[in-house]
Every structure is written in structure tokens, then in C-alpha cells.
Protein chains: 2
Amino acid sequence: MPRSEIDGIDRKLLVALQQDARLTTEQLGRRVGLSASPCARRVRLLEAAGVIKGYVAVVDQSKAGLPISVFVSIKLERQREEELDRFAEAVARWPEIVDCYLMTGQRDYLLRIVVKDLPAYETFLKQKLTRLEGVASIESSFALGQVKHSTVLPMIET
Amino acid sequence: MPRSEIDGIDRKLLVALQQDARLTTEQLGRRVGLSASPCARRVRLLEAAGVIKGYVAVVDQSKAGLPISVFVSIKLERQREEELDRFAEAVARWPEIVDCYLMTGQRDYLLRIVVKDLPAYETFLKQKLTRLEGVASIESSFALGQVKHSTVLPMIET
DNA sequence: CTACAAGATCAATATTAGCCACATTCCTCT
DNA sequence: AGAGGAATGTGGCTAATATTGATCTTGTAG
């Protein structure tokens, strides 16, 4: 039967491509111990299966003039369907919100906001976040620096 | 003199490449209103300046078998040089730590850990994090789901 | 032993990047 | 207004690479 789960070679492929998506199929093959053509086939299968969602450029936050990351945890007044949907819609719409997680515990959401400076954050807060209905509380924590920002998921072999 | 700062076209380029790095220079040019050759030149300049740090594949966390994100905030006993260095070294070494920020406020670091399930997180905690010297306290918050995970920085035109 | 899945190898084709040269446009400074 | 410089537009050429398809080999499970 045709293989369908992710094996060790696939994991190596994913690690390599998460580090550098510009490798040629030949270089890729060498890294994972395959020749170019089966290697290309596996990559295409991973793309088709949606394991690889796409290929993107990684931009330096500071050099792009956006050095500030702010973490914001948010509590909603109610967790009704309508509330959650409206919140999710706003999150998707606002580009300053780079990451958003639904959390366990006292706080409902954890966001990471990227801005060029603190005044920009203040504007974002005042004009967008605080105007959202259904938000009970907002708590901001500022990042002084990025110690690590990995593009590679921990694909441990088992 | 040769241009050196990022202008509106560069911003458009960066946005496009952060969405899809596989666009040909021609398609890219069409998006930003340039023909292929100056477009390619600008991209090369952005790469050389380090604004574009690289190109990577984006992998679906769940489909790759790593559905769990845990946020961990950490407080060190002291913030001496030596302590910070050791911590940074460990963070860089452990692939489960995907993101790490140095924070203001009561907590020193905020980490995002990616694992395949809760037992794996427990193992990570017991065998790695809690064994690090100089760590005063660890506080874990679990993510129930990813609402947004953007690869595009908010390049607002000004 | 057979069947099948996956890999290796090879060939043919087409797309694309990377260069380079040259003309043109746009902007700024004097 | 005029000069100079920076950046773009166009075209042409070459080399690298992806893509596809065919054929053969290998390892393995039934």
C-alpha cells in the first residue's frame, strides 16, 4: 500500500526545508540520504498533504523598522460563540497582531503585537483593541528582546 | 547617492515575499508595480542588507504531529551576566523552545514550547528546564489552539 | 516465488534566475 | 532651465534547476 504517514526521512526533509527552503532537490537529497528524484516526489507529497503550508521569506524585525513585540493577554466578558467569533475576526483583520493563541487558565487569549515604537502601540490599543466589545480586561507585557525565534519545529525522531 | 532606506516598494516586496517566497521575479514585479529586473535587484539588496534573513518552509504544526504549544514564563534567581548567558545557551540548544523573549515586569523570560503531547512536555520540564541552575520559578500556560500565526510583519505605510 | 512499494538513474523539456548593456524617466540641486 | 545621478524598462543570452516520464533495481511481505 502507499505510504501515508511521516517517516524519518520526511522529518529530515521538513527540518532542512524549515531551515532553508532554497536548497535544490539535489542538495536536499544529499542531506536526507536520497537522490534528487525521489526527494522531489516526497516534497511534493508533503505539500499536497498540507504538511508544508507554503514557503515564505523571513524578515528581520528590527531591520524592517518594527523592533517592538508586546504580549497581550485578554479576558473576554463571556465566552459565547458570538463573542469568540467577533474576536477571531478582528484578530485576523489586524496585521499588528502577529500571533494569537486561545489559552487555558484565567486569561482567554494571548497575543503578540508587533509595532515600530511605543506610541504606535498606544495607538493600536486605543483605536482598536480597547474598542472591541466584549473584552473584559487587557494586560500588556513588553519584550526587551528576542532571544530566539525558530522557524524549525522540534521534529524529534522516535 | 545610492538609496539605502526601505521605501514603499520595498515594503510591498517584503509583504509579498513573506506571504509567498515562490513568486517569480516577474510576478513579484507585477504586484509591486515594477518590471522584473529592478525588482530582482531590490530583492538582492534587501537580502544583502540582512532585512531578508532567509527563506523557509512553513510546516503545519498539527499535521506534523506537534499540536501542543505551551507558554512558559521564567524568573531567574539573579540577572547576572553568567546566569543570562547560561540560560540563553540552553534556549538555543533545545529545539522544543521555539520562541524566547526577554521580558519586562516580574517575569524574566517568556518561552513558547512545542511538543507532541502533555507527557512530552512533562519530560521536557523534568529533564531539561527544571534542571537548569539559576531558575527561580516556572509558570506554564497551555494553548488550546492557534487562532492566528502570521508570517507577515505589519508593514504599515507611512 | 511473486507482487509491490520505493529508490536510482537517465533523458528531454521548459522555466527561471542571473547578467549585462543600453536607452529612458524621474528627481534634485545648482 | 539645465546638468547629473539614481533608478527603471527592455531585450538578449547563458546556466542552473525543476519537472516529467521511462526503465531498472532492491527490499520486503504475502
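In what follows, chains carry the letters A, B, and so on, assigned in the order in which the sequence lines appear, proteins first and then strands, with residues in each chain numbered from 1. Predicted model only: the values in this text are computed from it and were never measured.
- The nucleotide whose nearest atom lies closest to any side-chain atom of Arg42(A) is, among dA18(D), dG7(C), dT8(D), dG7(C).
- Mapping Arg44(A) and Gln27(A) onto DNA chain D by nearest heavy atom places Gln27(A) at the nucleotide closer to the 5' end.
- Counting only heavy atoms from C-beta on, Arg41(B) has its side chain closest to dT8(D) among dT8(D), dT20(D), dA8(C).
- A straight line from CG of Asp7(A) to C1' of dT28(D) spans 16 Å, rounded to a whole angstrom.
- Residue Arg22(B) is out of contact with every strand shown, counting any heavy-atom pair closer than 4.0 Å.
- There is a side-chain donor-acceptor pair under 3.5 Å between Gln19(B) and Arg31(B).
- One atom, CD of Glu26(B), and another, C1' of dG9(D), lie 12 Å apart when rounded to the nearest Å.
- Side-chain contact, Tyr101(A) with Arg112(A): no donor N or O sits under 3.5 Å from an acceptor N or O.
- Between the side chains of Arg107(A) and Ser141(B), not a single donor N or O lies within less than 3.5 Å of an accepting N or O.
- The cluster map of Ile, Leu, Val, Met, Phe, Trp and Tyr, joined by side-chain heavy atoms under 4.5 Å apart, puts Val115(A) and Leu118(A) in the same cluster.
- Between the side chains of Ser140(A) and Tyr121(A), at least one donor N or O lies within less than 3.5 Å of an accepting N or O.
- Residue Pro38(B) places its side chain closer to dT8(D) than to any other of dT8(D), dA8(C), dT20(D).
- With rounding to whole Å, Leu17(B) atom CG is found 14 Å from dA17(C) atom C1'.
- In this structure, the CG atom of Leu28(A) is 16 Å from the C1' atom of dG7(C), given to the nearest Å.
- The distance from atom CG of Leu34(A) to atom P of dG7(C) is 5 Å, rounded to the nearest whole Å.
- Distance from the side chain of Ser37(A) is smallest for dT9(C) among the nucleotides dT9(C), dA17(C), dA7(D).
- In this structure, Leu46(A) atom CG and dA6(C) atom P are separated by 13 Å, rounded to whole Å.
- Atom CG in Leu45(A) sits about 14 Å away from atom C1' in dT19(D), given to the nearest Å.
- Residue-level contact check: Thr24(B) touches the backbone only, with heavy atoms under 4.0 Å from sugar-phosphate atoms and none from bases.
- Atoms NZ (Lys12(A)) and C1' (dG7(C)) sit 15 Å apart, rounded to a whole Å.
- The side chain of Ser35(A) has dT9(C) as its nearest neighbour among dT10(D), dT9(C), dA6(C).
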